[in-house]
Amino acid sequence: MYILIELVGIFFFAVAGSLMAARRGFDILGSAFLGGVCGLGGGVVRDLILNESPATFEHPIYFVPPVLAALCVYAFTPAVQKLHRLVQLFDAAGLGLFCVTGTMKALEHQFNPVTAVLLGVITSVGGGLMRDVISNVTPDLFNPRDIYALAAMVGSGLTVIAWHAGFMSVGLGAGIAGLAFLIRVLSLRFGWSVPLAAGHWHRAKQNPPAPDGPQRHF
Amino acid sequence: MYILIELVGIFFFAVAGSLMAARRGFDILGSAFLGGVCGLGGGVVRDLILNESPATFEHPIYFVPPVLAALCVYAFTPAVQKLHRLVQLFDAAGLGLFCVTGTMKALEHQFNPVTAVLLGVITSVGGGLMRDVISNVTPDLFNPRDIYALAAMVGSGLTVIAWHAGFMSVGLGAGIAGLAFLIRVLSLRFGWSVPLAAGHWHRAKQNPPAPDGPQRHF
Amino acid sequence: MYILIELVGIFFFAVAGSLMAARRGFDILGSAFLGGVCGLGGGVVRDLILNESPATFEHPIYFVPPVLAALCVYAFTPAVQKLHRLVQLFDAAGLGLFCVTGTMKALEHQFNPVTAVLLGVITSVGGGLMRDVISNVTPDLFNPRDIYALAAMVGSGLTVIAWHAGFMSVGLGAGIAGLAFLIRVLSLRFGWSVPLAAGHWHRAKQNPPAPDGPQRHF
């Protein structure tokens with residue numbers, strides 16, 4: 001059951017990675033690789049921090065979702081203009097699932113609540129961060145026009161509370177994941193955001209967002 | 001005592017990370033995250049190489065400096081033109097402290113002198129490198145117009161010599177850290193540098209440095 | 001013997017890293033650092049995944065090739081126009097050797113064939129990926145105009161087959177490494193490639209590749 005949920009989350013992130021590869025004009029192997037990094041990267045970093053051999057490399061089944069994602073994106077490439085939005089949508093789905101499963105794994109390792117929340121956030125934002133960094137674009141995580149890390153924090157925080165209160169269940173976990181997903185997606189739709197790093201700079205002075213569409217740098 | 005010095009070094013690097021977030025127009029959560037990566041990244045990499053669970057994730061106190069740094073930068077944002085210089089100044093302070101503490105930790109693990117120097121350098125340049133890489137700017141480490149890695153090497157080298165000679169003390173460590181800091185800052189002020197990677201290219205032909213100020217890529 | 005082959009592979013990758021440093025206008029310490037990351041990065045990641053202390057940091061001899069490479073590039077800097085091609089050539093030589101040695105190491109750790117191939121590919125593409133990411137350029141791995149990951153996959157796959165069939169030898173390993181090298185180099189020469197991530201986009205519509213030559217971003 002746990003493995004199944006994890007595989008679904010990996011698939012969502014892998015699709016986001018493969019869509020990013022399409023957006024940047026990479027080839028299909030780069031697509032599978034970027035999907036793999038995006039889907040598995042957060043979990044690998046979490047396992048390295050927990051000082052255990054990454055589960056990913058024990059069971060070949062973990063590599064099925066990235067391959068599947070690359071094939072799906074190859075078969076059903078969306079129109080160029082929709083690519084950035086679709087990356088964000090699948091990324092949000094993965095974010096929701098991973099902030100719950102990442103936090104659960106940290107709690108099972110007896111970490112204190114603060115660290116458990118942080119590990120949950122790292123698991124859920126790590127894959128997307130790696131995808132953006134190795135694609136050579138500024139990470140979505142830092143985009144000041146919507147909510148990203150906060151959605152993961154809410155999901156991880158609620159997971160810690162539910163776990164310590166003793167009523168964590170699959171249904172509740174799914175609900176928390178859905179809530180984190182919703183916060184992220186609604187923030188994209190309605191432009192919710194948190195304050196800028198620099199307190200007294202006016203938002204109004206910021207440049208408009210870069211236009212969507214494929215960026216090709218070769 | 002050791003922990004206190006480490007926390008001060010983390011704070012310096014975290015301020016450098018949060019100032020970079022301000023320079024790039026990120027939001028305040030991105031600022032705390034980037035401060036955390038910059039302040040804790042070098043130490044986490046060192047601990048992974050030493051094959052032990054990163055100390056950072058055992059004690060939640062390590063996460064206080066990044067949060068504090070993000071709040072400080074939010075409250076006292078400097079003028080845009082000063083941001084790059086301030087990033088470099090706080091980065092230099094962290095560099096000085098970390099090349100001493102990183103080398104000490106490697107020496108305590110019985111590493112040979114060469115590896116101890118290298119681990120010290122990795123600890124002290126790793127955080128800043130990660131900050132620049134995930135912010136999608138060319139790392140300061142590679143800037144050919146000033147001295148960066150050499151300052152860390154001098155600090156780490158002197159730490160190894162003092163340790164093996166048997167007269168390492170808190171005062172001497174602080175002195176070495178101060179020296180590394182000074183080398184870095186004076187090289188920025190007076191344009192000290194080491195030769196280019198490509199031997200026979202003339203420096204005079206290089207382009208001028210990019211103007212400072214916030215770069216916004218969204 | 002095994003160590004010697006590994007050192008040769010590290011040297012090839014380190015030259016590729018130092019040439020990239022020359023291309024980007026970095027200084028000679030940045031050149032040694034980038035050579036070290038490129039030469040040793042893939043192996044360190046593989047060892048972290050295998051959950052053992054990276055061999056690199058046990059024996060200082062592993063740091064000799066990057067220093068040597070930086071000195072060679074300093075002494076014999078090629079003309080600017082040839083830099084990108086030379087980076088790719090040395091990178092291909094390292095790729096060939098590492099996909100064999102990386103896969104062998106995974107097989108010695110009793111990994112299943114699929115994971116062994118993947119670890120071999122990660123070892124052989126990891127260093128070049130890190131080099132490109134920290135130099136702030138789009139990784140060569142993703143370039144849709146030639147074959148990169150596929151060459152490593154062929155090399156790793158043949159290594160797994162030869163190992164399980166029981167006739168792996170130094171000569172055969174060298175042959176497989178040479179084959180992977182050839183595939184990569186011929187794909188560069190003749191423009192072999194795999195399909196794009198996005199199935200129905202026409203290749204003809206892609207922008208021309210960026211002109212070679214040093215990119216200076218400071």
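Keep in mind it's a predicted model, so treat the numbers as computed, not measured. Chain A is the first sequence line, chain B the second, and so forth, proteins listed ahead of strands; every chain is numbered from 1.
Between A:Leu89 and A:Phe181, the shortest heavy-atom distance links the atoms O-CE1, 3.8 Å. Nearest heavy atom pair, residue B:Pro139 against residue B:Val133, reads CG-CG2, 4.1 Å.
In this view, B:Asp132 satisfies the side chain to side chain donor-acceptor pair (under 3.5 Å) rule with no residue, not counting sequence neighbours. Considering only residues two or more places apart in sequence or on other chains, A:Arg184 meets the salt bridge (charged side-chain N to carboxylate O under 4.0 Å, His left out) condition with A:Asp146.
Looking at A:Met153, the atoms closer than 4.5 Å to chain B (heavy atoms on both sides) all sit in the side chain, from C-beta outward. The contact between B:Leu48 and chain A is made entirely by side chain atoms (from C-beta outward), counting heavy-atom distances below 4.5 Å. Neither the backbone nor the side chain of A:Val121 has a heavy atom closer than 4.5 Å to any heavy atom of chain B. Of the two parts of A:Ile147, neither the backbone nor the side chain holds a non-hydrogen atom closer than 4.5 Å to a non-hydrogen atom of chain B. Contacts between A:Tyr148 and chain B at a heavy-atom distance below 4.5 Å are absent for every atom of the residue. Heavy-atom distances place no part of B:Tyr62 under 4.5 Å from chain A, backbone and side chain included.
Here the CZ-CG distance, from B:Arg145 to B:Leu196, works out to 9.0 Å after rounding to the nearest 0.5 Å. If you take CG on B:Leu7 and NE2 on B:His59, they are separated by 10.0 Å, rounding to the nearest 0.5 Å.
Within the 4.5 Å cutoff, the side chain of A:Leu107 has heavy atoms near those of the A:His164 side chain. In this structure the side chain of B:Arg131 reaches within 4.5 angstrom of the side chain of B:Asp91, judged on heavy atoms.
When each of A:Asn112, A:Leu129, A:Ile134, A:Leu119 is checked for heavy-atom pairs under 4.5 Å with chain B, A:Asn112 comes out on top.
Residues of residues 92-104 of chain A having a heavy atom under 4.5 Å from any heavy atom of chain B: none.
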Do any side-chain atoms of residues 31-45 of chain B form donor-acceptor pairs under 3.5 angstrom with protein atoms, and if so which ones, sequence neighbours left out?
residue	atom	partner	partner atom	Å
B:Ser31	OG	B:Ser18	OG	3.1

